[in-house]
Amino acid sequence: MTTHPRHRLTSWIHDEEGSAQSLMLTLIVPVFILAFGIILVDFGAKNSAESQATAAAQSVARIATSAGATDYGTIDRGRMISEGNAALAALGMTGSISVDDASGTVTVRACKSAPTKFASLVGVNEVQGCSEARASMYTLGNDGQKIKLS
């Protein structure tokens, strides 16, 4: 018994289409999984690092302004920077502290790095979240009103 040549040809075409589809699926599915992993897990780590950096920047700005206040409304700029840097290091952050002498405002930039899980497969080993906060120094006058230190 022989098979019809046309039947043999169509079964060969269907087999090839099925192979092409399964090959396409085996290539596309891992790419989608990697992309969603990067979006969900690694961007979540970046967002968490930014939140921690925001909290740290705000805290360090308050610490620096408190440390810099001296008697009679003067500002100890060196102490503000050294106390702020010590607080940043204690929180495990990197960053910078600047003081505007004219306005008595402290600006703190805090940064935190977080390792990546999925993006490390494409060469990105860590993400970094940074935030900035400012604090100004005030005192109370004899009448109970706020007076900005400068």
Side-chain angles (χ1 to χ4, degrees), residues 1-70 75-140 146 148-150:
M1 208 168 172
T2 60
T3 58
H4 197 278
R6 183 180 243 174
H7 176 59
R8 190 179 296 159
L9 179 64
T10 57
S11 70
W12 179 76
I13 292 173
H14 289 298
D15 288 341
E16 285 298 314
E17 284 179 7
S19 298
Q21 290 173 352
S22 60
L23 178 63
M24 190 169 70
L25 280 175
T26 58
L27 293 176
I28 289 177
V29 168
V31 171
F32 279 127
I33 291 172
L34 178 66
F36 283 126
I38 289 171
I39 290 170
L40 295 176
V41 176
D42 294 335
F43 281 160
K46 181 177 176 29
N47 190 23
S48 175
E50 284 179 358
S51 295
Q52 292 173 10
T54 298
Q58 292 170 350
S59 296
V60 170
R62 287 186 207 108
I63 290 168
T65 54
S66 296
T70 60
I75 297 172
D76 186 351
R77 185 179 194 276
R79 187 168 177 207
M80 290 171 93
I81 292 173
S82 67
E83 292 285 331
N85 284 329
L88 271 176
L91 292 170
M93 302 278 169
T94 59
S96 62
I97 298 170
S98 62
V99 179
D100 182 8
D101 291 327
S103 66
T105 302
V106 178
T107 303
V108 177
R109 179 170 174 79
C111 296
K112 176 157 176 108
S113 296
T116 60
K117 306 280 190 276
F118 289 93
S120 62
L121 297 173
V122 292
V124 179
N125 295 325
E126 68 179 21
V127 290
Q128 188 175 46
C130 294
S131 187
E132 197 170 280
R134 288 182 184 80
S136 297
M137 300 175 69
Y138 291 92
T139 189
L140 290 178
K146 284 194 321 185
K148 190 168 187 176
L149 295 179
S150 57

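Since we're looking at a predicted model, the values are computed, not measured.
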Check: residues 89-96 side-chain donor-acceptor pairs under 3.5 Å, at least two apart:
unit_1	atom_1	unit_2	atom_2	d
Thr94	OG1	Cys111	O	3.4

Exercise answer: donor-acceptor pairs, residues 58-65 side-chain atoms, under 3.5 Å, sequence neighbours excluded:
unit_1	atom_1	unit_2	atom_2	d
Ser59	OG	Ala55	O	3.1
Thr65	OG1	Ala61	O	3.2
Thr65	OG1	Arg62	O	2.9

Donor-acceptor list for residues 31-41 side chains, cut-off 3.5 Å, not counting sequence neighbours:
none

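In plain terms, the two heavy atoms of Ser131 and Thr54 that are nearest each other are OG-OG1, 2.9 Å. Contact detail for Pro115 and Ala45: the closest heavy-atom pair is O-CB, 4.4 Å. The two residues Ala53 and Ala110 come nearest to each other via the heavy atoms CB-O, 3.5 Å.
With rounding to the nearest 0.5 Å, the separation of OG in Ser113 from CG in Asn125 is 11.5 Å.
Residue pairs satisfying the salt bridge (Lys or Arg N to Asp or Glu O under 4.0 Å) criterion with at least one member in residues 106-133, sequence neighbours excluded, are listed as follows: Glu132-Arg134. Applying the salt bridge (Lys or Arg N to Asp or Glu O under 4.0 Å) rule to pairs touching residues 25-50 yields Lys46-Glu50, sequence neighbours excluded.
At distances below 3.5 Å, not a single donor-acceptor pair connects side-chain atoms of Asn47 with backbone N or O atoms of Phe43.
Counting heavy atoms from C-beta outward, Asp100 and Thr107 have side chains that stay 4.5 Å or more apart.
Residues meeting the side-chain hydrogen bond (donor to acceptor under 3.5 Å, both in side chains) test with Thr116, sequence neighbours left out: none.
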